[in-house]
Novice: 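Okay, here's the structure, questions in a sec.
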Amino acid sequence: MSESKKPTNFIRQIIEADLASGKHRKIHTRFPPEPNGYLHIGHAKSIVLNFGIAEDYGGECNLRFDDTNPHKEDVEYVEAIKEDVRWLGYEWAGLYYASDYFEQLYEFAVELIEKGLAYVCDLTPEQVREYRGTLTEPGRESPYRNRSVEENLDLFRRMRAGEFEDGARTLRAKIDMASPNMNMRDPTLYRIRRGAIHHQTGDEWCIYPMYDFTHPLSDALEGITHSLCTLEFEDHRPLYDWVLDHVSAPCHPRQIEFARLNLEYTVMSKRKLTQLVEEGHVEGWDDPRMPTIAGLRRRGYTPAAIRDFCNRIGVTKVDGTVEMGVLEASIREDLDRTAPRRMAVLDPLKVVITNYPEGKVETLSAPNHPKDDSMGTRELKLTREIYIDRADFRESANKKYKRLVLGGEVRLRNAYTIVCDEVVKDDEGRILELRCRYDPHTLGRNPEGRKVRGVIHWVSASEGVEAEVRLYDRLFTRPDPDGVKGASFLDFINPDSLKVVTAMLEPALAGAEAGARFQFEREGYFCRDAKEAEKGRLVFNRVVTLRDSWAKVEGKKA
RNA sequence: UGGGGUGUCGCCAAGUGGUUAAGGCACCGGACUUUGACUCCGGCAUCGCAGGUUCGAAUCCUGCCACCCCAGCCA
């Protein structure tokens, strides 16, 4: 697929230049998630960028957990993240935790103190905020800013020893309280978290380094050459460089920022996704409507389609929002090529073929793929009573309608043509069933003297299998659910994002493997839900519909 | 009102002073079709605005405008 086209973007250009100039002989990148939630499609963009670069330039990419805040993190997330990265098709060169470096980080902090570039500050959080100044006014220096090196060393050692309460003191970098860049106004380097049990280091530490101190040094310790992060860290780059410039770090990685992914009709922030899960708006992190990797996987998306999507959208510094259609195009392209075809009737309407022998079961053969014979065939069972979709019949319609009409003829996909003779209704006028006649001479060939334009799918009433089918739609009713002032994104949850129907499937579908994907002809791509399969239930999730130009024609009339 | 960014077709995105301003998605035609799918053919921009430099500018300069990010002991 189009995945083979090598992407090009400003970051790759920088890397190519660094390789060409000899600045680097080997490229090292890293994907550094904080294990405080599940990965989503936005992370996939970063994963594909970082691992893709390592792959294409003969380099290496590490997976590093940025676990410096014990309050928010959990092993549940580290395991899920590892699974998601592997599922996307990548294997890390090294698996690290920022917490692996806590001892070294502590030493680097001591080095800063010894150089007179860091100090222990006793200001309360509120005071720190006051002293920091505002966007337009410079801050004021902390009264503790000029403590002696000896006193700072002693205090920092005692912070580590657990002698002070949470919030009582912090270690701060001594930079410039008047800097127009807020991040340079003596940023906090370490804070005290005495009660915390860290998922990796347990109770070994009671002081924890901040991101701005940890990240550049973790990168340097791992020999990262290019540290790729999102736009909001642009203002942090001067601090990233400051840390590396003032400590004896083994190397100085280059931080490069790119725009994070925004997708229409969904939300991407961890906070909001967590809220959707915790408040029960969805069934979990792997709910097929979620933009999480776990959700997309359960929905039926393939790793190849997600990688392809990431390459299609590119990498720039422009803060934009990608249409869902791009993601959908990626999965359709993949599944069109790889998914076996099947027939499934989602809204069954019974059809009795009056001239078809009662009790007869005819076995027909149908190709699994119209353009790929290597995918083989499967058997279909035709009987006197079958189901077709209610949307495929109208008592009358104009010639643009190519399906079954009273008195009209259509082909049953992979079988014979039928003509509708009669519509049977109940007292309220609702159609109960259709009575049709088939032409026994039309199997595998066109009838003589007339052309049958329409083809509809069907399933034998007695041989087919019933199954639950979940029809998913976008989770929100607006392309920008969190873009409305004064409103919550929750106000725009789509009440119809999940519709459950009982469908009739062709017999071959009864043995579908968990997670197996198919194209239900004329309907869309579906995936057997793996979670329900574990319970022995036959449930299918709609991954995405087929493109539908007829719906557009119909929509215009309405 | 400070600092840092970004503005090329409806949405992404190439373009790095001389190209007819790539490509993808979407959209609009049309062909094909036992999936109104797929595939195939064709259509679809003068580059935020205004000046300037230049033989020549989306690409350089100046000035505007719009939008995003930053005042966590979060990442």
Side-chain angles (χ1 to χ4, degrees), chain A residues 2 5 8-9 13 32-34 36 66-69 71-72 121 123-125 128-130 132-139 166-172 179-185 187-193 207-208 210-212 214-215 229-238 257 259 264 270 311-330 332-333 336-337 341 343 366 369-371 400-403 410-415 417 442 444-446 452-457 479 519-524 545-554:
Chain A
S2 51
K5 300 179 232 152
T8 176
N9 57 55
Q13 287 176 3
E34 179 185 18
N36 67 342
D66 223 329
D67 57 347
T68 57
N69 186 350
H71 284 331
K72 296 186 172 179
C121 181
L123 254 25
T124 64
V128 168
R129 196 186 322 124
E130 288 166 23
R132 186 154 31 227
T134 69
L135 294 177
T136 53
E137 301 163 321
D166 284 15
R169 296 183 217 264
T170 57
L171 181 73
R172 295 226 263 161
S179 172
N181 181 343
M182 301 297 286
N183 296 299
M184 300 299 269
R185 320 245 266 223
T188 300
L189 266 23
Y190 271 86
R191 73 288 213 183
I192 300 170
R193 289 282 178 274
I207 56 172
Y208 288 89
M210 298 287 286
Y211 165 87
D212 283 311
T214 307
H215 211 86
C229 63
T230 42
L231 252 28
E232 66 271 27
F233 291 104
E234 230 157 0
D235 286 339
H236 295 241
R237 191 176 351 120
E257 311 82 13
E264 287 189 343
K270 222 170 261 185
N311 286 138
R312 287 187 191 211
I313 59 176
V315 177
T316 66
K317 293 175 76 100
V318 182
D319 180 26
T321 302
V322 178
E323 293 176 339
M324 269 294 180
V326 182
L327 218 207
E328 295 176 344
S330 290
R332 284 194 186 108
E333 183 178 309
D336 174 54
R337 209 180 74 253
R341 310 289 122 124
M343 292 197 287
H369 192 107
K371 293 187 173 178
K400 296 202 77 173
Y401 185 79
K402 306 200 317 193
R403 311 177 189 185
V410 285
R411 170 172 296 281
L412 293 178
R413 175 74 167 157
N414 296 127
T417 65
T442 55
R445 66 169 173 236
N446 291 322
V452 177
R453 295 243 303 145
V455 180
I456 64 175
H457 54 97
Q519 182 195 97
F520 287 179
E521 291 192 294
R522 303 209 311 131
E523 293 289 355
T545 61
L546 251 30
R547 278 184 68 233
D548 188 355
S549 54
W550 169 245
K552 282 170 200 157
V553 173
E554 286 284 276

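Residue numbering restarts at 1 for every chain, and letters A, B, ... go by the order of the sequence lines.
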Novice: By nearest nucleotide on RNA chain B, pick out whichever of A:A415 and A:T136 is the more 5' one.
Specialist: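 Final value for this comparison: A:T136.
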
Novice: Of the options A:H457, A:R341, A:M343, which is the one that meets A:N414 in a side chain to side chain contact (heavy atoms under 4.5 Å, CB included)?
Specialist: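 One option only clears the test, and that one is A:M343.
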
Novice: Quickly work out the A:E328 CD to B:C12 P distance and round it to whole Å.
Specialist: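 Going from A:E328 (CD) to B:C12 (P), I get 16 Å.
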
Novice: Using purine N1 to pyrimidine N3 plus N6-O4 or O6-N4 for Watson-Crick, or N1-O2 and O6-N3 for G-U wobble, both under 3.5 Å, which nucleotide pairs with B:A75?
Specialist: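 Its partner is none (no Watson-Crick or G-U wobble pair with both distances under 3.5 Å).
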
Novice: Hey, does A:R453 reach any base, or is it just sugar-phosphate, or nothing, if we go heavy atoms under 4.0 Å?
Specialist: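 Nothing, no heavy atom under 4.0 Å.
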
Novice: Determine the minimum heavy-atom distance between A:Y190 and A:M210, stating which atoms define it.
Specialist: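 The answer is N-CG, 4.2 Å.
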
Novice: Let me have a per-nucleotide readout for nucleotides 66-75 of chain B, 5' to 3', with B, S or -, counting only protein heavy atoms under 4.0 Å.
Specialist: --SBBBSBBB

Novice: Could you tell me whether A:G444 contacts a base, only the sugar-phosphate backbone, or nothing, with contacts defined as non-hydrogen atoms closer than 4.0 Å?
Specialist: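 It contacts base atoms.
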
Novice: If you compare every side-chain N and O of A:R403 against the phosphate oxygens of B:G36 (OP1, OP2), does one of them come in below 4.0 Å?
Specialist: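 So the side chain of A:R403 is outside the cut-off, no N or O lying under 4.0 Å from OP1 or OP2 of B:G36.
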
Novice: Is the shortest side-chain N to carboxylate O distance from A:E257 to A:K317 below 4.0 Å?
Specialist: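 Yes, this pair counts.
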
Novice: Base, sugar-phosphate, or nothing for A:K317, non-hydrogen atoms under 4.0 angstrom?
Specialist: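 Sugar-phosphate, no base atom in range.
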
Novice: Please state how far atom CZ in A:R312 lies from atom P in B:C11, giving the value in whole angstrom units.
Specialist: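 The answer, rounded to whole Å, is 19 Å.
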
Novice: In whole angstroms, how far is the P atom of B:U6 from the CD atom of A:E234?
Specialist: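 Between P of B:U6 and CD of A:E234: 6 Å.
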
Novice: Hunt down the Watson-Crick or G-U wobble partner of B:A37, both distances under 3.5 Å, from any strand shown, or write none.
Specialist: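 With both distances under 3.5 Å required, B:A37 matches none.
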
Novice: Given atom CG of A:N446 and atom P of B:C32, what is their separation to the nearest angstrom?
Specialist: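 Computing the A:N446:CG to B:C32:P distance gives 14 Å.
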
Novice: Pick base, sugar-phosphate or nothing for A:K270, based on heavy-atom distances below 4.0 Å to the nucleic acid.
Specialist: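 Nothing: the residue A:K270, judged by heavy atoms under 4.0 Å, touches no strand.
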
Novice: Which atom pair, heavy atoms only, marks the closest approach of A:R332 to A:L546?
Specialist: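 In terms of heavy atoms, the two residues are closest at NE-C, 3.9 Å.
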
Novice: Hey, does the side-chain of A:E523 have a donor or acceptor N/O within less than 3.5 Å of a partner on the base of B:U35?
Specialist: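 By the distance-only test, no, there is no pair.
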
Novice: Measure from CZ on A:F520 to C1' on B:A37 and round the result to the nearest Å.
Specialist: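 So the CZ-C1' distance, A:F520 to B:A37, works out to 15 Å.
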
Novice: With rounding to whole Å, what would you report as the distance between B:G36 and B:G43 at their P atoms?
Specialist: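 Here B:G36 and B:G43 have their P atoms 27 Å from each other.
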
Novice: Looking for any heavy atom pair under 4.0 Å, which part of the strands does A:Q13 touch: base, sugar-phosphate only, or nothing?
Specialist: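 Base contact.
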
Novice: Looking for any heavy atom pair under 4.0 Å, which part of the strands does A:A259 touch: base, sugar-phosphate only, or nothing?
Specialist: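 Contact class for A:A259: none.
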
Novice: Write down the distance separating the C1' atoms in B:U16 and B:A57, rounded off to the nearest Å.
Specialist: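 Pairwise C1' distance, B:U16 against B:A57, rounds to 12 Å.
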
Novice: When we call it a touch if two heavy atoms are under 4.0 Å apart, what does A:R237 touch: a base, just sugar-phosphate, or nothing?
Specialist: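 Nothing: the residue A:R237, judged by heavy atoms under 4.0 Å, touches no strand.
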
Novice: Name the closest nucleotide to the A:K371 side chain, picking from B:C38, B:C25, B:U33.
Specialist: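 From the listed options, B:C38 comes nearest.
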
Novice: Between B:U39 and B:C49, how far apart are the P atoms? Round to whole Å, please.
Specialist: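 Per the computed distance, 36 Å lies between those P atoms.
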
Novice: Calculate the interatomic distance between A:I313 atom CD1 and B:A14 atom P; express it in whole Å.
Specialist: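 Rounded to the whole Å, the gap is 11 Å.
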
Novice: Given that A:T321 and A:K402 both sit by RNA chain B, which one's nearest nucleotide is further toward the 5' end?
Specialist: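 The residue closer to the strand's 5' end, by nearest nucleotide, is A:T321.
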
Novice: Please determine whether a side-chain nitrogen of the Lys or Arg among A:K400 and A:E554 lies less than 4.0 Å from a carboxylate oxygen of the Asp or Glu.
Specialist: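 Here A:K400 does not pair with A:E554 in a salt bridge, since their nearest N and O are not under 4.0 Å apart.
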
Novice: What pairs with A:M182 under side-chain contact (heavy atoms from CB on, under 4.5 Å), at least two apart in sequence or on another chain?
Specialist: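 Here the qualifying residues are A:R132, A:L135, A:R185.
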
Novice: Roughly how many Å apart are B:G63 and B:A45, using the P atom of each and rounding to a whole number?
Specialist: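 Their P atoms lie roughly 34 Å apart.
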
Novice: Answer syn or anti for B:G36, where the cut-off is 90° from 0 on the glycosidic torsion.
Specialist: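 Glycosidic conformation of B:G36: anti.
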
Novice: In whole angstrom, give me the gap between the P atoms of B:G10 and B:G5.
Specialist: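 It works out to 28 Å between them.
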
Novice: Check A:D235 against A:N181 and note the closest heavy-atom contact, atom names and distance.
Specialist: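 The pair with the smallest heavy-atom distance is O-ND2, 2.8 Å.
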
Novice: Can you tell me how far C1' in B:U8 sits from the matching atom in B:A66, rounded to whole Å?
Specialist: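 Straight-line distance between the two C1' atoms is 16 Å.
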
Novice: Do A:R411 and A:T417 have side chains that approach each other closer than 4.5 Å (heavy atoms only, starting at C-beta)?
Specialist: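 Contact flag for A:R411/A:T417 side chains = yes.
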
Novice: With both distances kept under 3.5 Å, what pairs with B:C64, Watson-Crick or G-U wobble?
Specialist: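 The base-pairing partner of B:C64, which may sit in any strand shown, is B:G48.
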
Novice: Counting only Watson-Crick pairs (N1-N3 plus N6-O4 or O6-N4) and G-U wobbles (N1-O2, O6-N3), all under 3.5 Å, who is the partner of B:A13?
Specialist: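 Per the H-bond distance test, none.
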
Novice: Taking ring-ring contact (aromatic ring centres under 6.0 Å, His included) as the test, write out the residues that go with A:H369, two or more places apart.
Specialist: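 Partners of A:H369 under the ring-ring contact (aromatic ring centres under 6.0 Å, His included) test: none.
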
Novice: I want to check one thing: is the phosphate of B:C27, taken as OP1 and OP2, less than 4.0 Å away from some side-chain N or O of A:K552?
Specialist: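 For B:C27, OP1/OP2 do have a side-chain N/O of A:K552 under 4.0 Å.
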
Novice: Does a side-chain N or O of A:R332 approach OP1 or OP2 of B:A37 to a distance below 4.0 Å, or not?
Specialist: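 Answer no for this pair, as no side-chain N or O of A:R332 is under 4.0 Å from OP1 or OP2.
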
Novice: Closest heavy-atom contact between A:D212 and A:H236?
Specialist: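 Minimum heavy-atom contact is OD1-ND1, 2.8 Å.
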
Novice: Across all strands, who's sitting opposite B:G2 as a Watson-Crick or G-U wobble pair, both distances under 3.5 Å?
Specialist: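 Partner of B:G2: B:C70.
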
Novice: Please state whether the base of B:G10 and the side chain of A:E323 form at least one donor-acceptor pair under 3.5 Å?
Specialist: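 Result: at least one qualifying N/O pair found.
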
Novice: So A:E264, base contact, sugar-phosphate only, or nothing? Heavy-atom distance under 4.0 Å.
Specialist: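 Counting heavy atoms under 4.0 Å across all strands, no contact is made by A:E264.
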
Novice: Taking donor-acceptor contacts at under 3.5 Å, does the side chain of A:R547 reach the base of B:G36?
Specialist: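 Per atom types, no contact qualifies.
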
Novice: Any idea which heavy atoms bring A:L189 and A:R172 closest together, and the distance?
Specialist: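 That closest heavy-atom pairing would be CD2-C, 3.9 Å.
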
Novice: Using the P atom in both, what is the distance from B:C74 to B:C67, to the nearest Å?
Specialist: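 To the nearest whole Å, 32 Å.
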
Novice: For the pair made of CD in A:E333 and C1' in B:C25, what is the distance, rounded to whole Å?
Specialist: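 The answer, rounded to whole Å, is 11 Å.
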
Novice: Once you round it to whole Å, what is the distance between P of B:U33 and CG of A:N414?
Specialist: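 Taking CG of A:N414 and P of B:U33, I get 17 Å after rounding.
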
Novice: Quote, to the nearest angstrom, the P distance that separates B:A22 from B:C28.
Specialist: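 The same atom, P, in both gives a distance of 23 Å.
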
